[in-house]
Amino acid sequence: MIENNNRSNAKSFKLSALAVGVAVVVGAFAAPAAAETTFESDNGWKAGFNGHIPIFAVLGNYDDPTDEDSFTITTGFNPATLQTNIYAPTQNGLEVSGHFQMNADIAPGDANANFRSRVSEIAVAGDFGKVNIGKGFGIFGVPAIGDNGSALGVGLIGGPDQVAATAGRIGNGYFYANFTPRVMYTSNNLGGLQFKVGVFSPSKVDGVADAEYTTPRIEGNVVYTADMFSLWSSAFTQDVDSKTGTFDDYTMSGIDFGGSVSLGDLNVRGNYSMTSGTGNGVFAARLDPNEEDASQWYVETTYKINRTTLGASYGEGEDDINSSANDTDLTMIFARYAATDALTLMAEYTTLGTEGGQGEYDAFIVGSQLTF
């Protein structure tokens, strides 16, 4: 794709110079798992916190329609996050806890507008498994979203004026689970097999006042994990009705399949998902009474060398409602180095291709993340 962009010598020099810098910075594929810092009272209550702060410098060349170079310092797919956890003393065999998460994007200008909470929930665990009540991460699309490239990287960029968290592999590998109010049940580990099922507040179609949502969204997944591999599948369904009959009632739905295999320091993972009635990005992004189909898939490989991990991934998204604008492919080449147990240095090259050429770009990225 780079060869077809007809860039000037000046642009090529800038990108090549940064590429040399990217090649020098290498590192681990995921942030080191920092232990939660916990405090305990005399009566058995506990409070803990953990989180991460990712910072990236992004130099991108964006083609039609903008045809411009852009430099920015921002967060990646994950915003800066502070997770606070409260644990009550165990009583009657029940472990009750509360979880609250605050998030902030780092963006040019007034970033205060991007300060928000994505998690606020109660968790009740016991011999029966665990129940989560409140706002938290969804089920459909998980664990596909745990790809190593975008989980600790940048991935899809919303253009030269990106002012919030980037999109990882949303629409170019998986359908995003999002953070939504729900009641969710997680089973115990049954010989490597575990499942989740949840009742969610329905997602509302953007800008459609006539739509009504009389039933909840239902999501579920099942995961099987062994020593060297993991397999998963998830699904969802949600009805969208018209209050006055201006459009036909329809159903959003989706299913995915994926897995990962580890052979020593080599890991390969992939995922394929199909959705109907809701594009290839996020829930309820459009009115789609024709229930058009969309699909997303990716494959990724990483190889770890001591504290350094190199990786590459490729994925595509296709949406039948307007294939010329919504058929895309995203390539990520990344390198990460665990400088300490808390600090990870990162480098990434990302390129987006589209069916009609509109919105294509490539970007060189360097960054770091503090995990605590």
Interatomic distance, CG@Asp320 vs OG@Ser295, rounded to 0.5 Å, equals 7.5 Å
Phe200 and Thr180 have their tightest heavy-atom pair at CD2-CB, 4.0 Å
Students should find that the hydrophobic cluster of Trp45, defined by side-chain heavy atoms under 4.5 Å apart, otherwise consists of Ile86
Which pairs would a plain distance check flag for residues 219-226, meaning a side-chain donor or acceptor within less than 3.5 Å of a matching protein atom at least two apart in sequence or in another chain?
unit_1	atom_1	unit_2	atom_2	d
Glu219	OE1	Ile139	N	2.8
Glu219	OE1	Phe140	N	2.7
Glu219	OE2	Arg217	NE	2.8
Glu219	OE2	Arg217	NH2	2.9
Asn221	OD1	Lys196	N	3.4
Asn221	ND2	Val142	O	3.0

May I ask whether Met184 and Phe137 are part of the same hydrophobic cluster, defined by side-chain heavy atoms of I, L, V, M, F, W, Y residues being less than 4.5 angstrom apart, directly or through others? no
Note: Ser313 and Glu300 closest approach over all heavy atoms is CB-CB, 3.5 Å
query = For Thr328, does its backbone N or O pair with a side-chain atom of Thr354 as donor and acceptor, under 3.5 Å?
reply = no
Scanning both residues in full, the closest heavy-atom pair of Met332 with Thr350 reads CG-OG1, 4.1 Å
Correct closest heavy-atom pair for Lys304 and Thr309 would be CG-OG1, 3.2 Å
>> Check whether Ser276 reaches the backbone of Glu291 with its side chain - one donor and one acceptor, N or O, closer than 3.5 Å.
In response: yes
Check whether any side-chain heavy atom of Asp241 sits under 4.5 Å from a side-chain heavy atom of Thr214, and report yes or no.
yes
Please check if the side chain of Glu68 supplies one atom and the backbone of Tyr62 the other of a donor-acceptor pair under 3.5 Å. no
Please check if Val183 and Tyr185 belong to a single hydrophobic cluster, counting links between Ile, Leu, Val, Met, Phe, Trp and Tyr side chain heavy atoms closer than 4.5 Å. yes
Per ring pair (Phe, Tyr, Trp, His ring centres under 6.0 Å), Trp297 is matched among Tyr174, Tyr314, Phe175 by Tyr314
Apart from Val199 itself, its cluster of hydrophobic side chains linked below 4.5 Å comprises Ile218
- Query: Judged by atom type as modelled, is there a donor-acceptor pair below 3.5 Å linking the side chain of Glu121 to the main-chain atoms of Phe100?
  - Reply: no
**OP:** Decide yes or no on side chain to side chain contact (heavy atoms under 4.5 Å, CB included) for Thr344 and Leu152, but give the supporting numbers first.
**Re:** CA-CA 9 Å; Thr344 302; Leu152 195 68; 4.0 Å; yes
### Task
Measure from the side-chain N and O atoms of Ser70 to the backbone N and O of Pro160, and report whether any donor-acceptor pair falls under 3.5 Å.
yes
Taking the side chain as every heavy atom from C-beta outward, state whether Thr237 and Thr251 have any atom pair closer than 4.5 Å. yes
Rounded to the nearest 0.5 Å, the CD1 atom of Ile55 sits from the CD1 atom of Ile53 at a distance of 7.0 Å
Hits for side-chain hydrogen bond (donor to acceptor under 3.5 Å, both in side chains) against Ser262, two or more places apart or cross-chain, chain-then-number order -> Asn267
In this structure, CZ of Phe179 is separated from CD of Gln101 (nearest 0.5 Å) by 5.5 Å
Check: Is the side chain of Ser242 donor-acceptor paired with the backbone N or O of Thr246 at a distance under 3.5 Å, no angle test?
Finding: yes
* Asked: Is it true that the side chains of Gln296 and Asn172 contain a donor and an acceptor less than 3.5 Å apart?
  -> no
Output for pair (Asn188 CG, Asp127 CG), nearest 0.5 Å, gives 7.5 Å
Discussion item. Looking only at the side chains, is there a donor atom on one of Tyr298 and Arg269 sitting less than 3.5 Å from an acceptor on the other?
Written reply: yes
Between Lys135 and Ser117, is any pair of side-chain heavy atoms under 4.5 Å apart?
no
In terms of heavy-atom contacts, Val58 and Thr74 come closest through CG2-CG2, 4.2 Å
So Phe77 and Leu156, side chain to side chain contact (heavy atoms under 4.5 Å, CB included) or not? Walk me through it.
CA-CA 8 Å; Phe77 184 42; Leu156 182 65; over 6 Å; no
side-chain contact (heavy atoms from CB on, under 4.5 Å) filter on Ala123, not counting sequence neighbours, yields Ser97, His99, Lys130, Asn132
Heavy-atom nearest pair, Ala211 first then Val240, reads CB-CG1, 4.1 Å
Taking the side chain from Tyr349 and the backbone from Thr331, do they hold a donor-acceptor pair closer than 3.5 Å?
no
- Task: Decide if the gap between the ring center of Phe257 and the ring center of Tyr272 is smaller than 6.0 angstrom.
- Result: no
Interatomic distance, CE@Met252 vs CG@Asp239, rounded to 0.5 Å, equals 10.0 Å
Between Asp63 (side chain only) and Tyr361 (backbone N and O only), is there a donor and an acceptor less than 3.5 Å apart? no
Exercise. Would a 4.5 Å heavy-atom cut-off, applied to side chains only, mark Asn78 and Thr75 as touching?
Worked result: no
* Side-chain heavy atoms of Arg286 within contact of Asp319, under 4.5 Å -> yes
* **Main-chain N/O of Asn306 paired with Thr308 side-chain donor or acceptor, under 3.5 Å** => no
With sequence neighbours left out, the residues meeting side-chain contact (heavy atoms from CB on, under 4.5 Å) with Thr301 are Leu266, Val268
**Prompt:** Is a side-chain donor-acceptor pair under 3.5 Å present for Trp232 with Asp256?
**Reply:** no
Review point. Around Asp265, counting heavy atoms of other residues, nucleotides and ligands shown, do more than 12 lie under 6.0 Å from its CG?
Key: yes
Interatomic distance, CD@Glu36 vs CG@Asn50, rounded to 0.5 Å, equals 5.5 Å
*So, Ser41 versus Asn43: side-chain donor-acceptor pair below 3.5 Å or not?*
yes
Note to self: I'd like to know if the side chain of Arg169 and the backbone of Leu330 have a donor-acceptor N/O pair within less than 3.5 Å.
What the structure shows: yes
